Amino acid sequence: MQKVKKAYPFDEIEPKWQKCWIKNRFFKVDIKDFRNKYYCLVMFPYPSAKLHVGHGRNYIIGDVVARYKMMRGFNVLTPMGWDAFGLPAENAAIKDKTHPKKHTFNNIKTMKSQLKEWGVGYDWSREITSCQPDYYKWTQWIFLKLFEKKLAYRKKAFVNWCPSCDTTLANEQVIQGTCERCNTPVTQKDLEQWFFKITDYAERLLSDINKLRDWPERVKTMQKNWIGKSLGVNIRFPVVGSDKVLTCFTTRVDTIFGATYMVLAAEHPLLEELMKNVKNKNKILKFVEKVRNESKIKRSQADIEKKGIFTGRYVINPMNNKKIPLWVANYVLMEYGTGAVMAVPAHDQRDFEFAKKYRLPIDVVIVPVPEFETFQLYTETIFLAHALEGDGIMVNSGQFNGLPSRKAVKRIADFMQKNGIGHRTIQYKLRDWLISRQRYWGAPIPILYCNRCGTVPVPEKDLPVILPTGLKSNPRGENPLKDSKNFVNATCPKCKGNARREIDTMDTFVDSSWYFLRYISSQLNDKPFEKEDVDKWLPVDQYIGGVEHAILHLLYSRFITKVLFDSGFISFDEPFKNLFTQGMIIKNGAKMSKSKGNVVSPDELIKKYGTDTVRLYTLFMGPPEKDAEWSDRGVEGAYRFLGRVWRLVERITVSLLAPQSGAKQSQGGINDSLKRKTHQTIKKVTDDLEKGFHFNTAISAVMELVNEMYIAIEKKEIRRDILKEAIKIVIVLLSPFVPHIAEELWEKLGGKSSVLKQNWPEFEQQFLAEETHTIPVQINGRLRSKVNVPFGIDKEALKEKVLSDEKTRNYLKNLAVERWIIIPNKLVNIVSANK
RNA sequence: GCGAGAGUGGCGAAACUGGAAUACGCUUACGGCUUAGGACCGUAUGCCUUCGGGCGUGGGGGUUCGACUCCCCCCUCUCGCACCA
């Protein structure tokens, strides 16, 4: 084995300081002391496997923020816990023939020691674990609160089913028709399930996005799109020869006169009734059956061939009383709108394709403005290549002819409202949150089914409904709770008769939708949290985590927060003030994962270079919000820099002891410039941290200062006090990034208490200004020379100086100066032409 | 298709409200120190060059004394959503 000479004894100092921080409880916070509070929260991890450097980025960023804020005098709360329920633990346990609980706690142990190795500081006294009864008791309590407010309800519905995970999924967990976890195509099942009525909050979840000023734009956009608000009109179409009316939603009422047929979704509830006396009934129903059985993934592909069948029935277009045919087709979704669509082939591409295929009429009712004059003549027989989806002028639309289509949207909607044809409405894409899971490793839903009393919530005093930990999941993943008589058989709290316990457990996203509240009062037994404290400490000042939670976790947490706010349990209605989403760490062009075999384990790196090196490189490799490729060379560079800092301190300590002659009073030159650089660096690093998460540039600024110190130290005339100030600043500025080496060097320099206890340095304006400086001289925008002039020199003197510059004069020989552009203290540009 | 973000040396990347493009780091080369070094210290490192200079921030145009930065058009990549009526 090759022997690597250590640049500094990181292996001795790192454990030393980690122990010290714990011993001195640097990260323990007194919750009653909320003055200057700062809640710094990193998304709590799912205890699945050993952490790799990609995970590390998350925690390191959080640690830097926490340490920096502490040095700025904030009372920083930085807690950690475990999102410990869930399918992967159960599946892993099945595979390893162990229990998910054991599996989970083993992982927690490993991960906890890894976090400690990274030197990431947390207030471990607030640790929470979502699979423990003292936590899930309150998850169940939240369920009961929602149940009381009728925001938790059970209904039979077509739900997303993952055949591989053997459970239902929320809409948010279906990614392009496949299961979020295992990529298995999701099927539909008609099941009785528990939902949270998040749709009641759609409008607030949408409009309050405006309150989230410091959230990444893309996360806000993703949430907006997910909520998917559309303004439109529900129009009533009477069915010919029936007393039924079919309502359909449209955002484009202006196209109503172009509606030449109507389409129903295969799942439409009136379909079967309408088919009763139709000739081709059997053929039609067979088609409907086929469409219903097609998997969601297949049906949701935009390029799937549109298929439909005429139902034999007609409806009346209420605006022009035209009789139009009623179809069923595979491209209409039951989940959105009303499951019935008025088809306007001239102005909707999907309808257009469908109409072409089945030779249905295509009536143009809006003509694009540029073509209006000529186009009008052709509208009867026009042969379109595609639908005209844009705005234009109304034609063939009765009394609305000649109006701009935008205006017609309002006029027609008004007309419909007045005449009872339709009414304005709002549609959201957001659906209710399906929260029941047919799996074992989750928080039991606190509900009982009594033959006499029906669905009965477990009384609050009986919480928690304990999840029996002695059960084994059977290999198919079926919920073993159903065979646990002790669990299932219960007494009805109302009538004391026999009752059956709900065996479904809650989606783990319910667990994580409120954990940030529990940290405040993690030990509390009789309440989920202390309102007084929670109101003081929340919203979270800085939330840090992966962008993969942009919709799921962040939307659910916002929802639960709003529900708790409405019930008066808390006094704020948004949980996270600022959100930072870090980029992934890539290796060999792919996201790190065990299956790809490109995982960089921190253990070896820490053994070889120490934690501080791993931290420094992670922060220096690029802007933290961007994905970044891991480079082993880069790690070495970080290690080299820390060695350089270490040796710098050694040299300075030695030189401080040696007698110094003459330099004491030395002014100007290197002393001034090092002093200036020191204060410039304070400014730069502080700005980088205050303005955002610019760790990479903050670190490079400190590197520059260190480089300058190496130059300065070679010079005899460097003053010790200036050198000493500089090195202290280097250490303090570096301490949030590389806390171990910073502590050690701080101590070496005679620091009495921890660097963490130091105040963040302030730069002094007076040292920033230079007496003289070099400014560029451009001729016609091209850099030609530079002149050294006193700072703040007036324009005339500057011109004179520039004109006396030999290089500049050479260039100007054959030119006539036309204009001077002088930006004070920045640049000179001489505009000139040939003589 | 819709939405968001991005395109700068051999590589990761800097550049604040338009004002010296490539800071900092990696890589590479050379020199020093060394028994030796893949350690350390130092110098150089965008491209072309007839050594005057010329060209350079995805491409093309524009505004400006001056554009990585602002405006218009186009190309490429990443991410998210996607038959949402």
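Every chain is numbered from 1 and lettered A, B, ... according to where its sequence line falls, protein lines coming before strand lines. Please read these numbers as outputs of a predicted model, since none were measured by experiment.
The existence of a salt bridge linking A:Asp805 and A:Arg809 is excluded, since no basic side-chain nitrogen approaches an acidic carboxylate oxygen closer than 4.0 Å. For A:Asp11 and A:Lys6, the salt-bridge test passes: some basic side-chain N is under 4.0 Å from an acidic carboxylate O. At a threshold of 4.0 Å, the pair A:Glu267-A:Arg292 does not count as salt-bridged, since none of the basic side-chain nitrogens sits closer than that to a carboxylate oxygen.
Within 4.0 Å of A:Asp351, counting heavy atoms only, lies no atom of the nucleic acid at all.
Where pairing requires Watson-Crick or G-U contacts shorter than 3.5 Å, the helical stems of RNA chain B with at least three consecutive pairs are B:1-7 with B:75-81, B:10-12 with B:24-26, B:28-32 with B:40-44, B:46-48 with B:53-55, B:58-62 with B:70-74.
For the pair A:Phe641 CZ and B:C40 C1', the interatomic distance rounds to 16 Å; values are reported in whole Å. We find that NZ of A:Lys786 is positioned 11 Å from P of B:A20, with the value rounded to whole Å. One interatomic measurement links the two molecules: CD1 of A:Ile823 to C1' of B:G18, which rounds to 10 Å at whole-angstrom precision.
Judged by distance alone with a 3.5 Å cut-off, a donor-acceptor contact links the side chain of A:Arg350 to the base of B:A85. Applying the 3.5 Å distance criterion, the base of B:C65 shares a donor-acceptor pair with the side chain of A:Asn829.
Evaluation of the salt bridge (charged side-chain N to carboxylate O under 4.0 Å, His left out) test over residues 613-635 of chain A, restricted to residues two or more places apart or in two chains, returns A:Asp63-A:Arg615, A:Lys587-A:Asp632.
In this structure B:G52 sits in the syn conformation; its chi angle is within 90° of 0.
Here, B:C70 and B:G18 have their P atoms 9 Å apart, quoted to the whole Å.
Among B:C26, B:A85, B:C83, the nucleotide with an atom closest to any side-chain atom of A:Lys306 is B:C83.
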- Task: List the steps and the verdict of side-chain contact (heavy atoms from CB on, under 4.5 Å) for A:Met342 and A:Asn317.
- Result: CA-CA 9 Å; A:Met342 66 172 211; A:Asn317 181 337; over 6 Å; no
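A cation-pi arrangement, defined by a distance under 6.0 Å to the six-membered ring centre and an angle within 45 degrees of its axis, is absent between A:Lys229 and A:Tyr428.
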